[in-house]
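Scroll down for the structure; my scribbles are underneath it.
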Amino acid sequence: MSNARNVVIVGATGAVGQQFISILEQRNFPTKRVRFLASARSVGKKVTFRGKQYPVEELTEKSFDGDQIGLFSAGGSISKQFAPIAAKAGCLVIDNSSAFRMERDVPLVVPEVNGEEVTNAPRNIIANPNCSTIQMVVALKPLHDAARIRRIVVTTLQSVSGAGARAIEELRVQTRDVLDGKGRDQLDRSIFKHPIAFNAMPQIPSKADFNEAGYTSEEMKLLNETRKIMGDPSINVTMTCVRVPVFFAHSEAVNIETEKKLSAAQARAILSRAPGVQVVDDPMAMKYPLAIDAGGTDPVFVGRIREDQSIPNGLNLWVVADNLRKGAALNAIQIAEEVLRREPAKV
Ligand code: 25A
Ligand code: L14
């Protein structure tokens, strides 16, 4: 394949890294050499890609010789340190962390919304947005185009996989331990400060990073990243992010106020034609998006579409997507596909 590139995965053993591997396979992404990097802890592990076994190699400053596309998901501090090194070695970095998202000369891309921005990457780094933001803007961009959104009020219900592979394990073990009768103080709480099994926690991420106004960094991403991706700094967003004991897929209760009136039927019609969206909205038949259906799939599911009767121009929606796929690995690989399609001379 003439379009094939050398691909390197950074954080290959993590929750998102594993999804990179399966999505490259599922989408038949054109690759030449593929390499799998993680920390020294993972050296000795093997990963299987397209039926072949590969060793996991340690990420070092010398890792990037000859790589053309780098898919990064090993956390913000690793990205800050290694993305510029890879980019300098000629590798186009598609970064899942928050390290570069708000930098002016780094595009923040959701292909359904602003795919054309991939050509605008002077630092050889493209940022993949926050998972909750991605699914929200895929659902809201077509409504914004039709009726101009002035204000968004959103509450997220986020799965534990957003906090990585060890968080998934923590929920699994805690659930079993609580059912076995263990008390709060006997539970392993290495990732989450409070028990996450049988609980709902209004704080993401797990380290306390509330700003002066009382918002978490995850909450501020929904404001700042939405404005950047939509290219409209006039959109107002207010939000509460909640961790729930779900393994995969984030759910969001979204309320919007628009400049022009949109009926629920009009919104449903617009969303049923929107790229990346699947409308599931037959409440009388008890059909609406569910995290357990969205896990392992690609679309952003939208349902419970109804008018907000408290204001003249408002709508309520329920938006669900797999946070490790559309919220992370799938979106990043769609960015890479967008790059290949446009084939800028650099890559
Ligand atoms: O730093 P941040 O931004 O706060 O990010 C925190 C975590 O969020 C996940 C990811 O966790 C990250 O570490 N994450 C990042 N972006 C995400 C997104 N968009 C996201 N989650 C969801 N959506 P993870 O566990 O899923 O993936 C971590 C991967 O990064 C590799 N890594 C870590 N440090 C590294 C490194 N790679 C290179 N150099 C480093 N210094 C990590 O590889 C994994 O691939 P690993 O070898 O460190 O981990 C292999 C397995 O070991 C377990 N583990 C991880 N940390 C520890 C550990 N075990 C014991 N002690 C530890 N401290 C993991 O379960 C992993 O499977
Ligand atoms: O900004 O813990 O991409 O659910 C994604 C996962 C932030 C934390 C990001 C989580 C991270 C979030």
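Every value quoted in this text rests on a predicted model; they were computed, and no experiment measured them. The analysis underlying the following values was restricted to heavy atoms, covering all of them including side chains, and did not include hydrogens, waters or symmetry mates. For ligands, and for the atoms within them, numbers begin at 1 and follow the listed sequence. Quick note: residue numbers are just sequence positions, from 1.
Between Lys221 and ligand 2, an N or O atom pair is found at a separation short of 3.5 Å. Considering backbone and side-chain N/O atoms, Ser98 never comes within less than 3.5 Å of an N/O atom of ligand 2. Checked by distance only, ligand 2 and Arg243 come closer than 3.5 Å through their nitrogen or oxygen atoms.
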Next item on the list: Under the salt bridge (Lys or Arg N to Asp or Glu O under 4.0 Å) rule, what do Arg166 and Glu169 come out as? Steps first, then yes or no, please.
Entry: CA-CA 5 Å; Arg166 292 164 72 216; Glu169 187 58 13; over 6 Å; no
Notebook entry, point to check: Would Asp232 and Lys228 satisfy salt bridge (Lys or Arg N to Asp or Glu O under 4.0 Å), going step by step from the backbone distance to the final call?
Noted result: CA-CA 7 Å; Asp232 185 346; Lys228 180 167 174 177; over 6 Å; no
Notebook entry, point to check: Does the salt bridge (Lys or Arg N to Asp or Glu O under 4.0 Å) test come out yes or no for Glu25 and Arg50, once each step is laid out?
Noted result: CA-CA 6 Å; Glu25 289 176 340; Arg50 294 184 174 146; over 6 Å; no
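Of all the atoms in ligand 2, the ones that sit under 4.0 Å from a non-hydrogen atom of Cys131 are 5 (C), 6 (C). Short contacts between ligand 2 and Ile204, defined as distances under 4.0 Å to a heavy atom of the residue, involve ligand atoms 2 (O), 10 (C). Distances below 4.0 Å separate heavy atoms of Gln158 from the following atoms of ligand 2: 4 (O). Taking every non-hydrogen atom of Gly162 and a distance limit under 4.0 Å, the qualifying atoms of ligand 2 come out as 2 (O), 4 (O), 6 (C), 10 (C), 12 (C).
By the 4.0 Å heavy-atom criterion, Pro205 is excluded from the residues contacting ligand 2.
Using a distance-only test at 3.5 Å, with no hydrogens or angles considered, a donor-acceptor pair links the side chain of Asp281 to the main chain of Arg304. Judged purely by atom type and a 3.5 angstrom limit, Asn331 has no side-chain atom pairing as donor or acceptor with the backbone of Ile333. Remark: the backbone N or O of Gln68 is not paired with any side-chain donor or acceptor of Asn6 at under 3.5 angstrom.
Using a 4.0 Å cut-off between heavy atoms, Arg101 contacts ligand 2 through its side chain alone, with no backbone atom that close.
Taking the six-membered ring where the residue is Trp, the centroids of Phe64 and Phe72 are separated by under 6.0 Å.
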